[in-house]
Amino acid sequence: MSDERNTRRLTAALASAMVLATAALPALAADAPVPNKGDTSWMLISSALVLLMTVPGLALFYGGLVRSKNMLSILMQVFYTVCVVSVIWVVYGYSVTFSEGTGFNSIIGGFSKAFLKGVTVDSTAETFTHKVVIPEYAYIAFQMTFACITPALIVGAFAERLKFSAVALFVPLWVTFVYFPIAHMVWYWAGPDAIVTAAKAVVDAGADVAKKTAAEAVLAAANSNAGMAFQWGAIDFAGGTVVHINAGIAGLMGALMIGKRVGFGKESMAPHSLTMTMIGASLLWVGWFGFNAGSALEASGTAALAMVNTFVATAAAALAWTLAENVEKGRPSLLGMVSGAVAGLVAVTPAAGYAGPAGSIVIGLAAGFICFVFCSTVKNKFGYDDSLDVFGVHCIGGIVGAILTAVFAAPSLGGQGIFDYEANKVADYVLMKQVLIQCKAVALTLLWSGIGSVIIYKVVDVIVGLRSTVDEEREGLDIADHGERAYNY
Amino acid sequence: MSDERNTRRLTAALASAMVLATAALPALAADAPVPNKGDTSWMLISSALVLLMTVPGLALFYGGLVRSKNMLSILMQVFYTVCVVSVIWVVYGYSVTFSEGTGFNSIIGGFSKAFLKGVTVDSTAETFTHKVVIPEYAYIAFQMTFACITPALIVGAFAERLKFSAVALFVPLWVTFVYFPIAHMVWYWAGPDAIVTAAKAVVDAGADVAKKTAAEAVLAAANSNAGMAFQWGAIDFAGGTVVHINAGIAGLMGALMIGKRVGFGKESMAPHSLTMTMIGASLLWVGWFGFNAGSALEASGTAALAMVNTFVATAAAALAWTLAENVEKGRPSLLGMVSGAVAGLVAVTPAAGYAGPAGSIVIGLAAGFICFVFCSTVKNKFGYDDSLDVFGVHCIGGIVGAILTAVFAAPSLGGQGIFDYEANKVADYVLMKQVLIQCKAVALTLLWSGIGSVIIYKVVDVIVGLRSTVDEEREGLDIADHGERAYNY
Amino acid sequence: MSDERNTRRLTAALASAMVLATAALPALAADAPVPNKGDTSWMLISSALVLLMTVPGLALFYGGLVRSKNMLSILMQVFYTVCVVSVIWVVYGYSVTFSEGTGFNSIIGGFSKAFLKGVTVDSTAETFTHKVVIPEYAYIAFQMTFACITPALIVGAFAERLKFSAVALFVPLWVTFVYFPIAHMVWYWAGPDAIVTAAKAVVDAGADVAKKTAAEAVLAAANSNAGMAFQWGAIDFAGGTVVHINAGIAGLMGALMIGKRVGFGKESMAPHSLTMTMIGASLLWVGWFGFNAGSALEASGTAALAMVNTFVATAAAALAWTLAENVEKGRPSLLGMVSGAVAGLVAVTPAAGYAGPAGSIVIGLAAGFICFVFCSTVKNKFGYDDSLDVFGVHCIGGIVGAILTAVFAAPSLGGQGIFDYEANKVADYVLMKQVLIQCKAVALTLLWSGIGSVIIYKVVDVIVGLRSTVDEEREGLDIADHGERAYNY
Amino acid sequence: MKLVTAIIKPFKLEEVRQALTDLGLQGMTVSEVKGYGRQKGHTEIYRGAEYAVNFLPKVKIEVAVSSGDVSRAVEAIVAAAKTGQIGDGKIFVTSIEHSVRIRTGETDDTALS
Amino acid sequence: MKLVTAIIKPFKLEEVRQALTDLGLQGMTVSEVKGYGRQKGHTEIYRGAEYAVNFLPKVKIEVAVSSGDVSRAVEAIVAAAKTGQIGDGKIFVTSIEHSVRIRTGETDDTALS
Amino acid sequence: MKLVTAIIKPFKLEEVRQALTDLGLQGMTVSEVKGYGRQKGHTEIYRGAEYAVNFLPKVKIEVAVSSGDVSRAVEAIVAAAKTGQIGDGKIFVTSIEHSVRIRTGETDDTALS
Ligand SMILES: Nc1ncnc2c1ncn2[C@@H]1O[C@H](COP(=O)(O)OP(=O)(O)O)[C@@H](O)[C@H]1O
Ligand SMILES: Nc1ncnc2c1ncn2[C@@H]1O[C@H](COP(=O)(O)OP(=O)(O)O)[C@@H](O)[C@H]1O
Ligand SMILES: Nc1ncnc2c1ncn2[C@@H]1O[C@H](COP(=O)(O)OP(=O)(O)O)[C@@H](O)[C@H]1O
């Protein structure tokens with residue numbers, strides 16, 4: 001989301017065309033919208049909730065699934081990821097993701113806001129509603145939590161065998177070269193104001209051809225001041241592509257490149273504490289309300305809808321996985337149920353503010369069932385060792401969600417449709433067209449992240465090496481990497 | 001709480017009498033109140049907090065108290081309950097609880113909102129303040145979490161011996177035939193607007209007898225468009241009867257019908273992890289702020305009062321239990337302290353927005369002490385095996401709270417009294433009358449839930465059977481029902 | 001923060017001087033500000049977050065670090081502290097901390113609000129912005145959580161050896177004689193309205209000397225109706241001195257007076273569950289957003305800034321400790337990383353709403369590094385047994401933060417400066433002067449709490465005795481004090 | 001002196017302890033072990049991974065007795081630990097050459113209890 | 001009858017169990033132990049406190065066999081448990097004087113499995 | 001060869017290990033056990049349920065030594081483990097017929113350490 005400042009920079013870049021259109025700007029400055037404190041309150045707590053998802057949520061969800069000798073290594077990798085990424089976010093991450101880029105703006109932003117330059121307690125960021133803004137710091141905090149959790153998701157794929165030093169290097173590289181660009185491509189746009197103002201100028205121009213042409217240029221410029229996938233029209237309410245597919249494919253690449261754990265398939269690698277995994281899954285659920293409903297950027301009916309959707313899609317997916325497991329194995333497991341819940345959370349992420357509750361239940365059922373098949377059958381068939389099913393849950397769940405979002409966002413299927421800021425109404429919805437656009441965005445993410453991640457793994461391998469020795473792996477990474485043990489009962 | 005839509009349906013049903021009164025309605029539509037985003041923000045986060053209470057809160061509070069071989073079974077039963085109830089809630093639960101019923105409206109609502117039909121992001125639900133509304137989706141989400149936690153409370157009573165398949169069947173039946181009716185009976189009403197508008201029409205009618213008679217009929221209709229206990233005048237701020245007495249008595253019936261655990265009274269059944277129980281109790285406390293203060297439906301002074309009350313009643317009850325234990329056993333235990341805290345939370349639930357802080361401290365002290373006596377003495381005397389004291393804490397604590405609410409809601413004792421929407425002021429308060437009404441509501445709940453639960457246990461027993469075999473119980477339900485173990489250190 | 005009521009009491013006390021100035025008051029009453037629900041929502045959730053910090057957050061952070069035989073004793077001490085302090089808070093704590101004192105108002109308040117006398121759901125408390133108020137109950141709840149966590153921090157210093165009965169007595173004494181005075185000295189003031197109104201009266205007086213003199217007297221009275229450190233000009237956004245230095249020095253005194261644990265330095269005292277410690281640290285982080293950003297008392301840009309600062313200072317400190325450990329010991333540990341995070345949280349507490357994000361990163365780096373050196377080297381050199389490094393992290397981190405707040409609050413270094421309510425603008429900032437003021441406040445806290453705590457330990461020793469017997473300590477306090485064990489796997 | 005080692009089902013521990021105490025055998029040492037034998041284990045499934053768990057939880061009791069007490073001790077354990085179901089466990093008797101009570105330095109039979 | 005007690009590396013348990021089963025020895029009792037020997041431990045650091053951890057996780061297997069099976073059992077264990085690295089562990093053979101199967105009361109060799 | 005088995009108080013483990021090491025006995029195997037004897041346990045109360053806990057945490061040390069080292073080992077353990085309080089524990093000496101070092105196949109005394 002760009003803010004008023006962006007609007008101004010845009011203005012500069014288009015100075016010639018703007019001559020006729022600038023009349024509106026002083027007025028805009030005069031009655032610049034101020035944040036509603038209800039929105040601010042909601043964005044602040046949503047940010048806290050997303051941190052809760054990551055630490056301790058995700059850390060425990062993952063940590064419970066490894067053997068106790070690797071518990072601390074997982075906790076540490078997740079905690080470290082949050083720390084290093086949040087500092088990077090302030091230093092340049094926010095800037096390259098959410099400011100206008102110079103040169104490759106459809107791919108990556110610029111450095112004009114490095115170190116949050118120019119942001120004050122009075123700066124605001126636009127939301128998806130024209131004239132509704134939130135404090136820019138709140139927006140920065142909220143988006144920071146997204147940048148933190150995404151690479152943390154990846155570590156599950158190569159858990160129990162990657163050296164801490166490798167993770168320590170991988171995360172900053174990955175977030176810089178994979179996450180920031182993808183987030184920019186999917187989420188960066190000029191914001192409602194630039195478009196509404198420009199659209200109004202076009203209308204106001206009336207029969208005056210010169211004025212109209214100029215105004216249309218401004219409008220086109222505003223529309224094209226956005227990331228590549230955004231320009232395609234891809235929709236992703238809270239990060240199905242940016243977060244889950246992105247991390248999921250990176251995880252798969254890691255699992256493939258790094259190879260299986262010592263003893264994989266021979267020794268028991270039973271989770272050391274499903275209690276921790278359950279706590280983690282529950283906190284993911286609770287925190288995900290901040291993630292999904294917070295992505296409305298307002299404390300609105302849409303946020304409430306996103307919350308209901310996030311609730312029931314998760315529930316439906318948990319039930320679907322449980323049922324499938326009951327049918328196939330005869331006993332439904334807690335791990336299955338919470339895995340299903342996470343799959344549902346992943347899948348409803350892009351749809352949360354677009355689909356209706358009934359549509360979300362269907363999305364959940366589909367995700368629960370498909371991810372179950374993937375984790376319990378497909379994976380075994382291929383035989384790679386994605387330790388904690390990052391690919392099977394996040395990438396597959398993310399793809400299911402991205403595509404079904406196109407289906408259940410359709411107003412005819414109870415969805416909210418897509419808002420057209422130029423026309424100031426919900427746009428006509430062509431379902432298959434949207435499905436294709438979603439597929440395109442998915443493909444972009446799979447390719448960018450897949451290829452980017454492979455390169456980064458290679459680089460890390462060359463610099464510090466990826467894998468622990470067999471002896472270290474047997475002894476456990478907690479002792480080997482950190483000189484501690486998780487438990488001394 | 002009904003919403004504007006209900007008001008309209010009511011209007012239709014009373015068409016003849018309304019002819020003279022409808023003048024007000026177009027105006028109402030014209031300046032229909034919109035949600036304050038501060039309220040919306042508070043309701044969203046409150047909903048998240050109530051989920052936090054249940055998973056992981058309640059699951060851990062209970063889970064820590066069982067033997068480790070049954071840990072996953074408890075976690076799963078609670079998690080499953082949330083999943084299945086939330087889906088049911090969207091499908092028909094919300095509708096039968098909070099829409100107007102056809103025929104038996106004093107007992108149960110209707111199906112007009114099944115699948116949340118007609119609810120949009122702009123729909124609103126009324127609060128307890130006239131003209132203050134919240135997004136209906138927020139209300140749905142909030143109330144959904146209440147429906148989820150109530151049956152989850154019950155599973156503690158028959159923990160460590162009920163088959164998962166029995167729980168899987170019991171929960172949907174119970175929530176449908178016990179929870180939804182009780183919630184409707186206690187909480188459903190026409191909302192402030194119907195009453196205030198009708199009351200105003202009566203006043204406006206002045207000396208015009210025909211007009212007045214018609215207006216009074218409308219007012220009477222609005223007043224009687226409410227659940228049975230609501231019409232009696234029973235007050236229950238956040239669910240003392242609906243949630244705690246309701247679940248508590250159902251638990252007791254279960255414990256009695258299912259019988260004692262194998263080895264009860266002979267083998268040690270010491271809690272496997274009081275750490276988990278403490279985490280659970282703490283999260284219950286934190287989440288209960290959403291439960292109680294959220295029940296104000298507004299981010300208001302009343303919500304803040306409910307929060308202070310919820311804080312200190314809990315603290316007082318924890319201290320009371322601790323002290324009692326210290327006196328009787330010589331050593332105060334953590335389990336005692338957190339049990340007291342939960343008893344206090346239960347007892348302050350109906351009183352949270354009615355009593356003052358000093359009154360809440362007294363409620364807490366009473367609940368802590370009475371529940372202590374109940375769990376450590378009375379229960380042993382009767383010898384039934386309510387594994388996790390669902391009856392002793394939730395039902396007894398709930399009854400203490402329901403009755404003391406009548407006492408400490410009294411303005412003369414620092415309480416808020418009861419608001420009279422017709423008169424637009426706090427009503428005169430007759431303490432003993434209110435005590436009797438509360439007792440009546442308690443009795444209704446005990447009977448409805450007690451009898452309903454017995455029938456449902458029987459039905460479940462016939463269909464899938466209730467109890468695990470002795471061997472399964474010895475091995476533990478985790479292996480027997482779910483094929484997993486909680487811990488592999 | 002005082003509320004309107006305070007203003008009135010002040011008015012009474014200054015009746016003579018006020019004769020000329022009261023003209024403004026009726027108007028004030030007429031348009032008395034009402035709370036913005038967004039602020040209320042934020043304060044309520046912030047209160048819940050601070051409780052989350054304490055239970056289970058702090059309890060787990062500490063509990064994980066002790067041996068399993070003392071787990072429950074720690075959990076119980078923390079939980080008990082919350083319970084007893086919150087009841088005291090309602091009974092007299094809030095009153096003596098935040099009402100005007102009689103006689104020693106620069107040190108301690110009075111009893112006029114004991115049992116929250118006079119507080120209603122419509123009472124309001126002022127914030128730091130003129131005319132912005134929040135429900136007084138929300139303010140009471142929020143500040144209550146601060147009173148609860150502070151003594152709970154101390155128990156880490158003498159963990160694993162202090163009798164529960166000693167803690168049970170120590171906490172009420174300490175909170176009464178140390179915490180309430182310090183909080184009053186640092187945070188109590190007349191509020192913006194008294195000052196702004198009085199300042200306006202001075203201006204309005206114009207050339208009228210009599211009027212002006214009278215008005216100036218009122219202004220002086222308003223300015224001096226504040227705690228001692230507040231009057232000095234000490235700044236402490238969320239409690240660096242009041243909470244952390246205060247508790248940290250009390251802990252050190254305890255560790256010194258009580259002596260080392262049996263077997264200290266000879267037997268392994270390895271943490272029994274770093275998993276719990278990590279959960280605790282994470283919840284501290286999440287909850288600290290309520291603590292720091294909530295201390296803005298509004299859902300504002302400043303709150304958002306405090307949140308960003310709290311995020312990145314913590315991250316930077318965690319990275320600093322990790323790096324230092326890596327350099328010195330060769331292996332970075334999870335315990336080190338989360339200890340660093342807590343050090344960062346402590347250090348950014350006084351700075352949260354004053355510094356900029358870059359300044360906060362520096363504060364975090366400094367705190368992480370200095371506390372690392374302290375806990376791993378200095379402490380060993382002196383050889384005292386501060387079991388869980390309450391001094392090394394909270395007191396040292398608090399001092400680092402208090403002083404660096406003076407540095408990075410400087411507008412020239414990206415800070416917010418200090419608002420001058422009389423002049424209605426940010427005051428000129430003299431960095432070294434502010435550093436000295438901060439040092440003075442730190443010294444005040446160290447002395448008051450240091451000496452006060454020693455006296456209280458002595459008193460407790462005389463009345464119930466401080467320390468467990470050697471046998472009890474060997475067996476563990478869980479059995480000895482509470483008759484329970486934490487784990488039965 | 002003999003060491004009687006019994007491997008039994010965990011929930012029988014209390015009964016066995018009682019039975020031995022009734023005989024006047026007031027000392028024993030107990031460990032949690034896992035047993036493999038005729039009694040079959042179970043299968044655990046964690047997402048895609050299936051593990052056959054062959055070892056079952058058992059409790060090992062070690063009682064040092066003077067040679068004359070051996071058969072009474074063995075009989076008492078058998079009586080108390082028997083359920084008749086597979087997996088009830090085993091008793092092994094081995095010989096102790098020397099024993100010491102650490103506290104007093106007493107040796108052999110007098111050290112036993 | 002003899003009791004073959006082997007202390008091995010934990011991750012070798014499954015292979016050893018398999019090897020013994022292949023010999024037809026269908027019973028054993030296993031405990032988690034900590035071993036001290038030539039294999040060196042590690043140092044753990046928790047904030048300021050450093051602990052040398054000398055004990056390493058090992059698994060102890062106890063198999064009661066009839067005297068004739070001892071050498072085969074020992075060889076099988078050695079073969080399965082050996083990695084050639086320090087810390088592979090030890091085997092001790094002691095004598096069992098008497099054994100009982102609790103379920104049936106069978107004694108001595110017939111009690112073994 | 002003999003197996004010296006000592007049951008001691010857990011906090012004495014480090015001192016005993018040191019004492020044995022000082023004798024040149026560089027190997028041992030340790031398990032966590034629960035002991036029942038003269039030392040009395042405690043009562044635990046969980047809400048309404050009271051449990052008498054009779055078993056106390058102990059550590060079992062097993063050291064295989066060549067026959068000549070037995071008495072020195074026993075004495076060292078007694079000296080190190082003794083507190084003089086009830087519950088200090090016991091030492092049992094049994095005979096080992098055969099021993100093997102898995103890594104090398106060395107047997108008997110040379111296998112011991
Ligand atoms: N040969 C053996 N050596 C050591 N322990 C054994 C042996 N056979 C059985 N056990 C122990 O006895 C337990 C019960 O044995 P199992 O064959 O299952 O049943 P049962 O004793 O009723 O025939 C096993 O779990 C194992 O701990
Ligand atoms: N004398 C002994 N008595 C009992 N157990 C021993 C003895 N020596 C070694 N052990 C056990 O054998 C394990 C391996 O011994 P170690 O000396 O480390 O390696 P290796 O057997 O390869 O020489 C030890 O960890 C310990 O459990
Ligand atoms: N007859 C026995 N057989 C096996 N172990 C025993 C026996 N008697 C005592 N023990 C072990 O020795 C420990 C200490 O014994 P106890 O009688 O309490 O004290 P003490 O050895 O000082 O007389 C017990 O906890 C138990 O583990």
Side-chain angles (χ1 to χ4, degrees), chain B residues 61-62 64-67 156 260-261 263-274 277-278 281 321-322 324-326 328-340 342-343 368 371-393 396 489, chain F residues 3 5-18 20-21 26-64 77 81 83-90 92 101-103:
Chain B
F61 181 68
Y62 277 177
L65 293 174
V66 300
R67 288 163 290 175
K260 300 175 193 179
R261 285 167 287 178
F264 180 72
K266 281 178 292 178
E267 296 165 25
S268 167
M269 295 182 169
H272 90 281
S273 174
L274 286 176
T277 297
M278 189 273 181
W321 189 306
T322 304
E325 202 172 44
N326 199 31
E328 193 175 314
K329 322 264 178 183
R331 285 179 301 186
S333 70
L334 174 74
L335 176 56
M337 177 158 257
V338 300
S339 302
V342 174
C371 292
F372 165 75
V373 172
F374 214 92
C375 292
S376 67
T377 308
V378 180
K379 178 183 159 186
N380 282 344
K381 209 153 267 168
F382 285 99
Y384 60 87
D385 181 14
D386 172 5
S387 318
L388 310 179
D389 290 309
V390 176
F391 182 71
V393 171
I396 298 300
Y489 282 115
Chain F
L3 184 68
T5 301
I7 292 137
I8 62 168
K9 289 186 167 161
F11 69 89
K12 284 294 192 180
L13 174 58
E14 196 47 35
E15 285 173 54
V16 170
R17 190 193 61 77
Q18 196 57 57
L20 290 171
T21 310
Q26 294 260 4
M28 75 189 69
T29 299
V30 166
S31 10
E32 286 174 12
V33 298
K34 290 181 180 298
Y36 175 68
R38 296 185 183 187
Q39 187 187 5
K40 73 170 189 43
H42 57 260
T43 304
E44 295 176 13
I45 307 180
Y46 299 98
R47 288 203 192 131
E50 258 183 79
Y51 303 116
V53 174
N54 299 302
F55 291 97
L56 295 161
K58 300 282 167 189
V59 153
K60 179 166 88 174
I61 303 178
E62 290 167 300
V63 201
I77 296 173
T83 69
Q85 311 275 163
I86 207 159
D88 274 355
K90 309 270 186 270
F92 305 124
R101 183 193 306 278
I102 293 172
R103 169 165 50 94

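All chains are named by letter (A, B, ...) in the order of the sequence lines, taking the proteins before the strands, and each is independently numbered beginning at 1.
Residue contact with chain F, scored on non-hydrogen atoms closer than 4.5 Å, involves the backbone of B:Glu267 exclusively. There is no contact between B:Leu334 and chain F, counting heavy-atom distances below 4.5 Å.
Highest contact tally toward chain F, considering only B:Lys379, B:Arg331, B:Met269, is held by B:Met269 [criterion: heavy-atom pairs under 4.5 Å]. In terms of non-hydrogen atom pairs under 4.5 Å with chain F, the most contact-rich of B:Ser376, B:Cys375, B:Ser268 is B:Ser268. Chosen from B:Gly336, B:Ser339, B:Ser333, the residue pairing most often with chain F at heavy-atom distances under 4.5 Å is B:Ser339.
Considering only heavy atoms from C-beta on, B:Leu274 comes within 4.5 Å of F:Tyr46 through its side chain.
Atom CG of B:Leu335 and atom CD of F:Glu44 lie 11.5 Å apart (nearest 0.5 Å).
Applying the side-chain hydrogen bond (donor to acceptor under 3.5 Å, both in side chains) criterion to F:Gln18, with sequence neighbours excluded, gives F:Asp22.
In this structure, the side chain of F:Arg47 engages the main chain of B:Leu388 through a donor-acceptor pair within 3.5 Å.
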